[in-house]
Amino acid sequence: MNSSIREILKDKKRIVIKIGSSSLTHPETGALNLTKLEVLVREISDLHNMGKDVVMVSSGAIAVGRRAAGLGHRPSETKEKQACAAIGQARLMMIYQKLFSEYNQLAAQILMTKRTVMDNLSRFNALNTFQELLKLGAIPIVNENDTVSTYEMQFGDNDTLSAIVAALIDADLLLLLSDIDGLFTDDPNSNPNAELIHVVEKLDDHLLKMGKSTSTSDVGTGGMASKLTAAKLASAAGTDMVIANGEDFRNIHRVIEGQDCGTLFLSHKKDEFYLMDYLEKML
């Protein structure tokens, strides 16, 4: 049953892939895992070579900046986070540009704040930028603009941001790669009997309440609750969503090939869907 449902994933044309900080860094040091990054870039380049539009929402700027600045702790003050983001975002994009160019791919950077999507004109301009980049054959790499974003203007996590981007550009698949295999019947970190839910046909209140924070990462911000919120938005916008483990970036092609990997959330597009309605509730 799962395999037949997942056949729909083979035909996805516009894909947003969100990468969590913990999937990009070595847990022992917090430094970038270059071996994994090379696999990630190769996987995304191959999707692009198949003729698919791919947008990447990448965390990691603060984690990379924190490491470069020699901070042994996760920054807590806004000004400290912003300084780390300023250092880290430049370094992260430099590495992405280098790796993507090795596969003859054109990478582009888009930095967004809450104001970008809450303001009608800014949102319209952002959409035009995405559309033009995709038309040019580029791979947009999106992150929250942590350098200037304050508490009032933050999305809070890149799960939310990636769902907003997917809805904005009318993507047909959102793939969240994180530090967990998918949605479980309970927190697998505390309950060894928790079972992976392979397909969610309808996201109801019962499942939303199951969204306990199951992220154990020192570098990320989004737990399962934020992923289920993202699923709710994506579903309403008509975007199927998959949560899969970012420990192995080869899961990207496994998902696209329709293999039983992670948790698939089937979309239920609402005819009256209007992004601003959801943004006002979420943000």
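What you see below is based on every heavy atom in this structure, not just the backbone, and it leaves out hydrogens, waters and symmetry mates. Predicted model only: the values in this text are computed from it and were never measured.
At a threshold of 4.0 Å, the pair Lys81-Glu77 does not count as salt-bridged, since none of the basic side-chain nitrogens sits closer than that to a carboxylate oxygen. In this structure, Lys135 pairs ionically with Glu132, as a charged nitrogen and a carboxylate oxygen lie closer than 4.0 Å. With respect to the salt-bridge test (charged N to carboxylate O, under 4.0 angstrom), the residues Asp260 and Arg6 qualify. Contact check on Asp172 versus Lys13 returns no salt bridge, with no Lys/Arg side-chain nitrogen under 4.0 Å from an Asp/Glu carboxylate oxygen. Comment: Asp204 does not engage Lys202 in a salt bridge, judged by the lack of any side-chain N to carboxylate O separation of less than 4.0 angstrom.
Dense packing is recorded around CZ of Phe273, with more than 12 heavy atoms of other residues, nucleotides or ligands lying under 6.0 Å away. More than 12 non-hydrogen atoms from other residues, nucleotides or ligands lie less than 6.0 angstrom from NZ of Lys12. Other residues, nucleotides and ligands contribute over 12 non-hydrogen atoms within 6.0 Å of the CG atom of Asn120. Atom CZ of Arg254 has more than 12 heavy atoms from other residues, nucleotides or ligands within 6.0 Å. Around CD of Glu247, the count of heavy atoms belonging to other residues, nucleotides or ligands within 6.0 Å does not exceed 12.
In this structure, the side chains of Ile110 and Phe130 come closer than 4.5 Å at one or more pairs of heavy atoms. Looking at heavy atoms from C-beta onward, Ile169 lies in side-chain contact with Val16 at the 4.5 angstrom threshold. Side-chain contact between Ile44 and Phe100 is present, with heavy atoms from C-beta onward closer than 4.5 Å.
Note that the OH atom of Tyr96 and the CG atom of Leu40 stand 5.5 Å from one another [nearest 0.5 Å]. To the nearest 0.5 Å, the span separating CG on Leu24 from CG on Leu92 amounts to 7.0 Å. Separating the OG atom in Ser21 from the CD1 atom in Ile62 is a distance of 8.0 Å, to the nearest 0.5 Å.
Note on Met93: it clusters hydrophobically with Ile139, by side-chain heavy-atom contacts below 4.5 Å among ILVMFWY residues.
With 3.5 Å as the limit, one finds no donor-acceptor pair spanning the side chains of Asp186 and Asn193. Under the 3.5 Å distance criterion, with hydrogens and angles disregarded, no donor-acceptor pair is assigned to the side chains of Glu43 and His48. There is no side-chain donor-acceptor pair under 3.5 Å between Ser122 and Asn125.
The only member of Leu275, Ile164, Leu161, Leu127 that meets side-chain contact (heavy atoms from CB on, under 4.5 Å) when paired with Val117 is Ile164.
Across every non-hydrogen atom of Ala69 and Ile87, the tightest pair is CB-CD1, 4.3 Å. Across every non-hydrogen atom of Thr239 and Ala171, the tightest pair is OG1-O, 2.7 Å. Closest heavy-atom contact between Gly182 and Met224: O-CE, 3.3 Å.
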